[in-house]
Visitor: 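Below is one structure. I have some questions about it.
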Amino acid sequence: MSLLKPDVIQRIRSARNLLFLTGAGISSESGIPTFRGEGGYWKTYKAEELATPEAFARHPEVVWEWYDWRRGICREAKPNDAHLTIAKWQLKSESVNLITQNVDGLHPRAGSKHLLEIHGNIFRARCTHCHAKFNLEEDGLGQPGLKYCIACESLLRPDIVWFGEGYDNKLLTKSWELSKAAHVVFVIGTSANVSVPANLALTAIRNGALGIEINPETTSLTPSLQLHLGGKSGEILPEIFKEVFPET
């Protein structure tokens, strides 16, 4: 049985700009736990107590210990069929873009290009003084504990947008541009509780995009989107791809 009606399939095929917006749900299917809400404790801490500039200023060694632990989980996880399908879709067209809330690095490992990681990447660090950025694994900084800048020897911090911090303006501007230009937007695995990603989806809809949500549960965005598909993205998205590109 087809997931999509023929007119929806045709609209997707003819879209000149297609946008994927992904949240924690897509990565939870790869075994990466969500670090907020119930069960989101590490030792005696909640994520909201560690992922802040204030926590890093007080106890940088504790924050780095938490991120080293999280990075180990992300390193062991593998991109699932949803990640791989988005990457395959991008190979079909350069006008398929991806904005993710996730910091786990699974999208680039799946092969995705045209990718905006608006909340950062857990495998990167940046200097608290000169703002140089480093890939922890490739630059030999992946050892547990405090990490220091190769350029100026100042303390490094995770290259993550923490609670209370603003987004990178260049990334945010590009994200708004992509949302306004989208003819189809897939909203995958996001709870819609973070205002900026939710507003990016709404911006696409208000500018005429067809909105398709893939999520086991409905969200606050669901009434604004044209189609909600309840279930796992790793099962649903490959089926949609087959319906849109039956020759592959």
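The structure displayed is predicted, hence computed values, not measured ones.
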Visitor: Between S93 and Q90, is there a donor-acceptor pair closer than 3.5 Å when you use the side chain of the first and the backbone of the second?
Guide: no
Visitor: Please determine whether residues L18 and I99 belong to a single hydrophobic cluster, defined as Ile, Leu, Val, Met, Phe, Trp and Tyr linked transitively by side-chain heavy-atom distances below 4.5 Å.
Guide: no
Visitor: When you measure from the side chain of T173 to the backbone N and O of K170, does any donor-acceptor pair fall under 3.5 Å?
Guide: no
Visitor: With heavy-atom distances below 4.5 Å as the criterion, would you say the side chains of L106 and S30 are in contact?
Guide: yes
Visitor: Got I9 and S2 here, is their nearest side-chain heavy-atom distance under 4.5 Å?
Guide: yes
Visitor: Any non-hydrogen side-chain atom of I122 less than 4.5 Å from a side-chain atom of P158?
Guide: no
Visitor: Please walk me through it: do N215 and L221 pass side chain to side chain contact (heavy atoms under 4.5 Å, CB included)?
Guide: CA-CA 11 Å; N215 202 311; L221 279 175; over 6 Å; no
Visitor: Which heavy atom in F163 sits nearest to a heavy atom in P53, and how many Å separate them?
Guide: O-CD, 3.5 Å
Visitor: Against D159, only a single residue in R124, K147, R71 fulfils salt bridge (charged side-chain N to carboxylate O under 4.0 Å, His left out); can you say which?
Guide: R124
Visitor: L4 versus I240: any side-chain heavy-atom pair under 4.5 Å?
Guide: yes
Visitor: Nearest 0.5 angstrom please: I118 CD1 to S175 OG, how far?
Guide: 5.5 Å
Visitor: Do other residues, nucleotides or ligands put more than 12 heavy atoms under 6.0 Å from K92 NZ?
Guide: yes
Visitor: Distance check, rounded to the nearest 0.5 Å: K88 atom NZ versus D81 atom CG?
Guide: 8.0 Å
Visitor: Please give me the minimum heavy-atom distance between A87 and A110, naming the atom from each residue.
Guide: CB-O, 3.4 Å
Visitor: Mind running side chain to side chain contact (heavy atoms under 4.5 Å, CB included) on S179 and L19 for me, showing each step along the way?
Guide: CA-CA 7 Å; S179 296; L19 177 62; 3.8 Å; yes
Visitor: Out of curiosity, E49 CD to W66 CH2, how far, rounded to the nearest 0.5 Å?
Guide: 10.0 Å
Visitor: Please answer: with hydrophobic residues joined when any side-chain heavy atoms are less than 4.5 Å apart, are L156 and Y67 in the same cluster?
Guide: yes
Visitor: Write down the atom of I26, the atom of N80, and the distance for their closest heavy-atom approach.
Guide: O-ND2, 2.8 Å
Visitor: Between L172, L171, L178, which is the residue that forms a side-chain contact (heavy atoms from CB on, under 4.5 Å) with K174?
Guide: L178
Visitor: With rounding to the nearest 0.5 angstrom, report the CG to NZ distance, N121 to K133.
Guide: 10.0 Å
Visitor: Which pair of heavy atoms, one from L155 and one from P60, lies closest together, and at what distance?
Guide: CD2-CB, 4.0 Å
Visitor: Would a hydrophobic clustering, with Ile, Leu, Val, Met, Phe, Trp and Tyr connected at side-chain separations under 4.5 Å, put W89 with I188?
Guide: yes
Visitor: For the atom pair CD (E153) and SG (C127), what is the distance rounded to the nearest 0.5 Å?
Guide: 10.5 Å
Visitor: Between F241 and F245, what is the ring plane arrangement, given parallel below 30°, perpendicular above 60°, and tilted in between?
Guide: tilted
Visitor: Given side chain to side chain contact (heavy atoms under 4.5 Å, CB included), test I150 with L141 step by step and report yes or no.
Guide: CA-CA 9 Å; I150 295 171; L141 297 166; 4.1 Å; yes
Visitor: To the nearest 0.5 Å, tell me how far L229 CG sits from K232 NZ.
Guide: 16.0 Å
Visitor: Parallel, tilted or perpendicular: which fits the ring planes of H83 and H107, with parallel below 30° and perpendicular above 60°?
Guide: perpendicular
Visitor: Would you say H119's side chain and V103's backbone share a donor-acceptor pair under 3.5 angstrom?
Guide: no
Visitor: Can you tell whether the side chains of K242 and E239 come within less than 4.0 Å, N to carboxylate O?
Guide: yes
Visitor: Do any N or O atoms from the side chain of N102 and from the backbone of D104 form a donor-acceptor pair under 3.5 angstrom?
Guide: no
Visitor: E213 and F186: side chain to side chain contact (heavy atoms under 4.5 Å, CB included), yes or no, with the steps?
Guide: CA-CA 6 Å; E213 182 178 51; F186 284 93; over 6 Å; no
Visitor: Would the number of heavy atoms belonging to other residues, nucleotides or ligands and lying under 6.0 Å from CD of E138 be above 12?
Guide: no
Visitor: For T85 and P238, which heavy atoms make the closest approach, and how far apart are they?
Guide: OG1-CG, 3.5 Å
Visitor: Taking only Lys NZ, Arg NE, NH1 and NH2, and the carboxylate oxygens of Asp or Glu, determine whether R109 and E137 approach each other closer than 4.0 Å.
Guide: no
Visitor: How about Q226: does its CD atom have over 12 heavy atoms from other parts shown lying under 6.0 Å from it?
Guide: yes
Visitor: Which donor-acceptor pairs under 3.5 Å do side chains of residues 196-210 form with protein atoms, sequence neighbours excluded?
Guide:
{"unit_1": "N199", "atom_1": "ND2", "unit_2": "S195", "atom_2": "O", "d": "3.1"}
{"unit_1": "T203", "atom_1": "OG1", "unit_2": "N199", "atom_2": "O", "d": "2.8"}
{"unit_1": "N207", "atom_1": "ND2", "unit_2": "T203", "atom_2": "O", "d": "2.8"}

Visitor: Is there a chain of hydrophobic side chains (I, L, V, M, F, W, Y, each step under 4.5 Å between heavy atoms) that links V187 to V8?
Guide: no
Visitor: Could you tell me if the side chain of L237 sits less than 4.5 Å from the side chain of F20, heavy atoms only?
Guide: yes
Visitor: Between W162 and F56, what is the ring plane arrangement, given parallel below 30°, perpendicular above 60°, and tilted in between?
Guide: tilted
Visitor: How about T128 and S154: does a side-chain donor come under 3.5 Å of a side-chain acceptor?
Guide: no
Visitor: With a 3.5 Å distance limit and no angle check, can you tell me whether E243 reaches the backbone of L3 through a side-chain donor-acceptor pair?
Guide: yes
Visitor: Is a side-chain donor or acceptor of R13 paired with a backbone partner of V244 at a separation under 3.5 angstrom?
Guide: yes
Visitor: Say whether V96 and L116 are linked into one hydrophobic cluster, either directly or through other cluster members, by side-chain heavy-atom distances under 4.5 angstrom.
Guide: no
Visitor: Restricting to non-hydrogen atoms, name the atom on S233 and the atom on I214 that form the minimum distance, rounded to 0.1 Å.
Guide: CA-CG2, 3.8 Å
